[in-house]
Amino acid sequence: MLFSLNNLPYWIFLVMGVLLFFFMIISGGGGQDIDADVDVDVDADVDADSNNEFGFGQFLGWAGIGKAPLILLLAIDLSLWGVLGWMLNVWFGGVSNSNIGGLIGSIILFGSLIISLLLGGLIARPIGKIFAEFSEDVSSDRLIGCIGIVTSAYIPTENQGRIGQVDVLDAKRNLLTISAVLPDWVTIAPQRGERALIIEHKAQIYVVIAKDSPDEEQWLTNSSR
């Protein structure tokens, strides 16, 4: 019964799911552009169905579409469909002592699909967050343009041979403490508790200027030329 032809579709689903997992790992959890488009579509469907007791958009949301990476969701759904369908086929075949087919086979096929979609949506969300952390941009340039709070007494200029410290949130809302200096041309040195704008990265040091200051206006003017 384990390798019966009745189980062939479920073996195919399982193999496809595993292959998609490998694809996600190799590609670094790709599919963000597709996910963004699907997320917008699902939100629109949910809004359109908000006055109904049940709608297609709500079902998509329950299935996890638009809430987790699409490729990851497909990998989990196909894997679950293969495993659940195979298990139900083997169990019913053992109980009835005969091959599963016809009406019972169709019920198992579509029943396992629905269960897989709902379980896959629940499982994909936390796993998707893990993949997002692994694929997160860790380059130093990601902080350029971010605004931080000075935590040292003040921020010195580059020619002073010292460094200050700034606490900053990156695009993923991670709190980082960075070493910072001011360019030599600035007129204002931000003090502890004041805001600083990160404008450049040099080796292990970030170059910052005082936020909402004449130095920022001058930097913006020079950058636009």
Side-chain angles (χ1 to χ4, degrees), residues 21-43 61 64-73 75-76 122-225:
F21 273 121
F22 278 117
F23 174 77
M24 272 209 71
I25 294 172
I26 294 173
S27 64
Q32 287 86 352
D33 293 338
I34 297 176
D35 297 335
D37 293 338
V38 172
D39 195 15
V40 172
D41 293 339
V42 171
D43 290 340
I65 297 177
K67 307 299 182 182
L70 185 59
I71 297 178
L72 174 63
L73 189 62
I76 293 176
L122 295 175
I123 296 173
R125 297 175 196 184
I127 296 180
K129 293 180 180 179
I130 296 175
F131 270 97
E133 291 176 1
F134 278 112
S135 61
E136 178 183 336
D137 180 14
V138 295
S139 63
S140 300
D141 290 341
R142 77 189 192 278
L143 297 180
I144 303 300
C146 293
I147 300 172
I149 301 298
V150 178
T151 56
S152 55
Y154 70 100
I155 303 296
T157 57
E158 290 181 274
N159 57 15
Q160 289 182 277
R162 291 181 292 174
I163 59 174
Q165 286 189 327
V166 175
D167 283 349
V168 59
L169 290 174
D170 65 7
K172 297 290 185 179
R173 309 301 295 175
N174 298 314
L175 179 62
L176 305 173
T177 299
I178 60 173
S179 300
V181 295
L182 298 171
D184 297 336
W185 51 265
V186 299
T187 58
I188 298 176
Q191 309 294 309
R192 179 181 285 116
E194 296 180 345
R195 297 192 302 166
L197 174 66
I198 302 172
I199 62 171
E200 189 179 354
H201 178 253
K202 294 182 177 180
Q204 302 298 319
I205 298 176
Y206 288 88
V207 179
V208 303
I209 55 177
K211 178 63 177 171
D212 298 327
S213 67
D215 294 332
E216 181 183 4
E217 295 179 5
Q218 179 181 345
W219 174 74
L220 290 173
T221 301
N222 294 335
S223 299
S224 62
R225 290 177 180 175

Undergrad: For the atom pair CZ (R192) and CD1 (I149), what is the distance rounded to the nearest 0.5 Å?
TA: 12.5 Å
Undergrad: Just verifying a value: how many Å separate E217 CD and N222 CG, rounded to the nearest 0.5 Å?
TA: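 So the gap between those two atoms works out to 12.0 Å.
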Undergrad: For S213 and A210, work out which heavy atoms get closest and say how close.
TA: OG-O, 2.7 Å
Undergrad: The criterion is side-chain contact (heavy atoms from CB on, under 4.5 Å); which residues satisfy it with Q160, sequence neighbours excluded?
TA: Y154, P156, T157, R162
Undergrad: Residues in salt bridge (Lys or Arg N to Asp or Glu O under 4.0 Å) with D212, at least two apart?
TA: R195
Undergrad: Hey, could you give me the CG/CG distance between L197 and L220, rounded to the nearest 0.5 Å?
TA: 7.5 Å
Undergrad: Checking side chain to side chain contact (heavy atoms under 4.5 Å, CB included) for the pair W185/I209: CA distance, chi angles, key distance, verdict?
TA: CA-CA 10 Å; W185 51 265; I209 55 177; 4.2 Å; yes
Undergrad: Rounded to the nearest 0.5 Å, how far does CD of E200 lie from CG of L143?
TA: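 One gets 13.5 Å once the value is rounded to the nearest 0.5 Å.
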Undergrad: Check whether any side-chain heavy atom of V208 sits under 4.5 Å from a side-chain heavy atom of V181, and report yes or no.
TA: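 In short, these two side chains do not touch, never coming nearer than 4.5 Å.
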Undergrad: Please report the closest heavy-atom contact between A180 and V166, naming both atoms and the distance.
TA: CB-CG2, 3.9 Å
Undergrad: Mind checking what makes side-chain contact (heavy atoms from CB on, under 4.5 Å) contact with S179, not counting sequence neighbours?
TA: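 Listed in chain order: I163.
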Undergrad: Within this structure, what is the OG1-CG distance for the pair T177 and D167, rounded to the nearest 0.5 Å?
TA: 3.5 Å
Undergrad: Mind checking side chain to side chain donor-acceptor pair (under 3.5 Å) for T187 and listing every partner two or more places apart, or none if nothing turns up?
TA: D215
Undergrad: Among residues at least two apart in sequence or on other chains, which ones pass side chain to side chain donor-acceptor pair (under 3.5 Å) with E158?
TA: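 Checked E158 against side chain to side chain donor-acceptor pair (under 3.5 Å); matches are K202.
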Undergrad: With rounding to the nearest 0.5 Å, note down the distance linking CD1 in I199 to CG in L182.
TA: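 Answer rounded to 0.5 Å: 9.0 Å.
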Undergrad: E194: what forms a side chain to side chain donor-acceptor pair (under 3.5 Å) with it, not counting sequence neighbours?
TA: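 So E194 forms no side chain to side chain donor-acceptor pair (under 3.5 Å) with any residue.
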Undergrad: Could you walk me through whether Q191 and V150 satisfy the side chain to side chain contact (heavy atoms under 4.5 Å, CB included) test, starting with their C-alpha distance in whole Å, then the side-chain angles of each, then the deciding distance to 0.1 Å, before giving a yes or no?
TA: CA-CA 6 Å; Q191 309 294 309; V150 178; over 6 Å; no
